[in-house]
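Notes to accompany the following structure.
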Number of protein chains: 2
Amino acid sequence: MQRSADAPTLGSLGPSARAVVRTLLLAGPLSRAELARRLERSPASITKITQPLVADGLISEDTAPPGESRGRPGAPLVLDAALHLFLGVKVTADEVYAVRADASGRVEASAHRPLVDVGQATVVREIIELVNELTPAPGSIQALGVGLAGQMSRFDRTVRANAYLGWDRVPLAEILERATGIPTVLSEDARALTAGVQWSGPGRGMRDFAVLTVGVGVGLGVVIEDRVLAGPTGKVGRIGHTRVSDSGPLCSQGHRGCASAFLTTRSVTQGIGVPHGRSDVDLDAAIELADAGDEVALRVFDDAGHALGVLIAQLVNMLGLPAVILAGDGLGMLAHARTGMEAAIAEHLDPNATAPEVVAFTSGFDEWARGAAVVACQWMLVDPPRSDPDPA
Amino acid sequence: MQRSADAPTLGSLGPSARAVVRTLLLAGPLSRAELARRLERSPASITKITQPLVADGLISEDTAPPGESRGRPGAPLVLDAALHLFLGVKVTADEVYAVRADASGRVEASAHRPLVDVGQATVVREIIELVNELTPAPGSIQALGVGLAGQMSRFDRTVRANAYLGWDRVPLAEILERATGIPTVLSEDARALTAGVQWSGPGRGMRDFAVLTVGVGVGLGVVIEDRVLAGPTGKVGRIGHTRVSDSGPLCSQGHRGCASAFLTTRSVTQGIGVPHGRSDVDLDAAIELADAGDEVALRVFDDAGHALGVLIAQLVNMLGLPAVILAGDGLGMLAHARTGMEAAIAEHLDPNATAPEVVAFTSGFDEWARGAAVVACQWMLVDPPRSDPDPA
DNA sequence: ACCTATTCCTTTATCGTGTCAACGAAAAGA
DNA sequence: TCTTTTCGTTGACACGATAAAGGAATAGGT
């Protein structure tokens, strides 16, 4: 275990040390005794594991809070999360978003650039541009995470079946590593968002929940027993075409009554704009109409809420989740959709199931990029690459 | 690691040895080199781990099959599953079913006894009676698994919230251990069934699938990435009251159009019996009517198939499962329900999702008991109790 | 028949990791 | 001050895994 003298990277630590760092990151300051209980190790092991970490300045002893117990108070260990920086990138069909975050998921800086086309050269160039822009000093970034649509595993190296870019089997991680010198990992974007929510978003501390995103499409991420589900090849989350009503408008694929036909931004704006003979209604305008009491807008939002509620109830019925987190840029409608949503939940929930806590998590595209940064951090703490490429 | 000279129990093995046994059990005969690759260990480790197992007669070298590779052929190792016997018990409101199975899940013997009441004394007595009946010799059974409804974890010791028996917080495992001398574990019954399907049923070799049961109720088990999902407290699988239609009959809880109202045995028999003015229609009679071309029966079965198809499509949309296994005593209707089911799947499946393989697994209550036996075996191979109680 | 490449399996020395048992340290309460 | 309780450290020790090296068994080429 060769470790550089002053600033060891998280990925270069041994498995036990990584487990300690992970636990400290997720559960805040903990005494060694508490760590021993959580990790099911003996106190002696924890001392041995933490000693070099403390010596290297990676973790330090907090000042003990006024203890409430009887015996000798524990010395809480804190991880200096700000020492470890990660970049997260989210690639959509027309824009690239990037953030710099520390190990605790706190965003320090962000940037984004439009994509003029979706060719490999263009996308790679813009990502590299953003990486350079957000890198404070060479070698200061421990890993780069890229989130984009497709059938990628948790820590993947290759873009697979991305419909928006029309890419398949593109070894993007390797390309970016060569260009930037930063270890790079890819992940399916909804999964990355879910990871971000779980580690340092509203899902923090919850063992079981779902993330339901509303915007251009309808997305889903599921966390059960602290694990983000992926399914065979990242196929979890195709929830958009779930039938939520026997009637209603058609979705873009010609289905009647499916969730997308009620929930996507496009469905909502057209559902309101068309009866009014207007084609300039965007989501904000639609919300304004509803604020002003427009009957059409109120009805469309109510229907959207209903669809959302049905999806939530189905999720909870099937998986028994105690909480559902709503996210996405289409969430602005929630104020007008909440009533319909709650009615639909009550109507469709199994009478033996307990009602889930529904949390609205208003967030922009940065949140998707932040999720990718969290995935990069998880990569280092769970399954780090064998040897770090030398960025010198 | 004290090991009895001739017949070591699976639970007394070390973690690595258990991992080897697990892999051999699930993936058939494997050479040491193949084991090393699957378990991500070095070949040297595998040799050290398997040596005592071979010496003890627990596993043995198979005669090498005609190899297709170039180098020295591997010596396939086989586990003598018949050496390790487990009992599985399934408790319903009016009957107790039990089987004796070996480590590979093969059923050697089975028995069942009616319950005159659901008091603790009665249930415990009948279970012990069945255990004695199925135990060939004292000490020959390595563990006992009990499956019953309730909110139990994977390997639980206490019955929690069992509605059928009206039990809560009953330390059944301890009671049975004291009486029988056999290490005992409890599990929620649908989860046990799913485990049985996964290890030695039609789900064998599949990493991701769902088990949908039809009978008195509608049940669900989900396996993702080789793990059986449980949710917070065994709450996965409350799928019965999922709305599958805006119209249709009421279910027992007064919901309109929910899955139970189309799928449970009671719903089907009444749906056919009432229009005919008959109260003696059971499931077999209903199937006979449909065989004879009775319009009502055909329609009811078609509706049931439709409901089943909607549930399957929703499952696949949400979790991306490539296969769904149908089980339960209500499955006899499938011949007449298949058309409706397939139509509903096609209609409700997300157009981007691949159609799941739907497998019918005709089975009786023994299958539930067998699942409990498999859970007992898993218990020994995954998380064995500290020290075996001495049955002498 | 012989050699080589390949794959498999085992042995030895060694190392990392974890535990046990014992002990010292720091608090609260009697 | 003494006891109790909990926390943290130390050293001896066991276990499990590995790397390195070499023997064993096969296919294929010369």
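Here is the naming used below: chain letters follow the sequence lines, and residue numbers restart at 1 for every chain.
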Next on the checklist: Between A:R370 and A:S200, does the side chain to side chain donor-acceptor pair (under 3.5 Å) criterion hold? Intermediate values first, please.
Outcome noted: CA-CA 10 Å; A:R370 199 183 67 85; A:S200 43; 2.7 Å; yes
Next on the checklist: Over all strands shown, is B:I49 touching base, sugar-phosphate only, or nothing at heavy-atom distances under 4.0 angstrom?
Outcome noted: sugar-phosphate
Checklist outcome for this item: The side chain to side chain contact (heavy atoms under 4.5 Å, CB included) partners of B:A19 (sequence neighbours excluded) come to B:R22, B:L39
Checklist outcome for this item: Applied to residues 38-50 of chain A, the salt bridge (Lys or Arg N to Asp or Glu O under 4.0 Å) test, sequence neighbours excluded, yields A:E34-A:R38
Next on the checklist: How many whole angstroms separate atom CD1 of A:I46 from atom C1' of C:dG18?
Outcome noted: 10 Å
Item to check | Short side-chain N/O contact to C:dT10 OP1/OP2 from B:R32, under 4.0 Å | outcome: yes
Item to check | Contacts of type side chain to side chain contact (heavy atoms under 4.5 Å, CB included), residue A:S60, not counting sequence neighbours | outcome: A:V78
Checklist outcome for this item: Closest to the side chain of B:P73, out of C:dC9, D:dT26, C:dA26, is D:dT26
Checklist entry - To the nearest angstrom, how far is A:R72 atom CZ from D:dT6 atom P? => result 14 Å
Checklist outcome for this item: Side-chain atoms of A:S16 come closest, of C:dT19, C:dC9, C:dT17, to C:dT17
Next on the checklist: If the condition is side chain to side chain donor-acceptor pair (under 3.5 Å), which residues does B:E61 pass it with, not counting sequence neighbours?
Outcome noted: B:R32
Next on the checklist: From CZ of B:R18 over to C1' of D:dG16, roughly how many Å is that when rounded to an integer?
Outcome noted: 14 Å
Checklist entry - What residues, two or more places apart in sequence or in another chain, satisfy side chain to side chain donor-acceptor pair (under 3.5 Å) together with B:S45? => result B:S42
Checklist entry - Who are the side chain to side chain contact (heavy atoms under 4.5 Å, CB included) partners of B:R178, not counting sequence neighbours? => result B:E174
Next on the checklist: Tell me the interatomic distance from B:D62, atom CG, to C:dC9, atom P, rounded to whole angstroms.
Outcome noted: 13 Å
Next on the checklist: Please report the distance, rounded to the nearest Å, between CG in B:L30 and C1' in C:dC9.
Outcome noted: 16 Å
Filtered N/O pairs between nucleotides 11-13 of chain C and protein, under 3.5 Å:
unit_1: C:dT11; atom_1: OP2; unit_2: B:Q51; atom_2: NE2; d: 2.9

Next on the checklist: Can you tell me which nucleotide in D:dA17, D:dG8, C:dT17 comes closest to the side chain of A:P15?
Outcome noted: C:dT17
Checklist entry - Counting only side-chain N and O atoms of B:S45, is one of them less than 4.0 Å from OP1 or OP2 of D:dT18? => result yes
Next on the checklist: Given 3.5 Å as the limit, does a donor-acceptor pair link the side chain of A:Q198 with the main chain of A:D226, or not?
Outcome noted: yes
Item to check | Under the side chain to side chain donor-acceptor pair (under 3.5 Å) test, residues paired with B:Q142 that sit two or more places apart | outcome: B:H84
Checklist entry - Where along residues 35-42 of chain B does a heavy atom come under 4.0 Å from DNA chain C, residue by residue in number order? => result B:R37
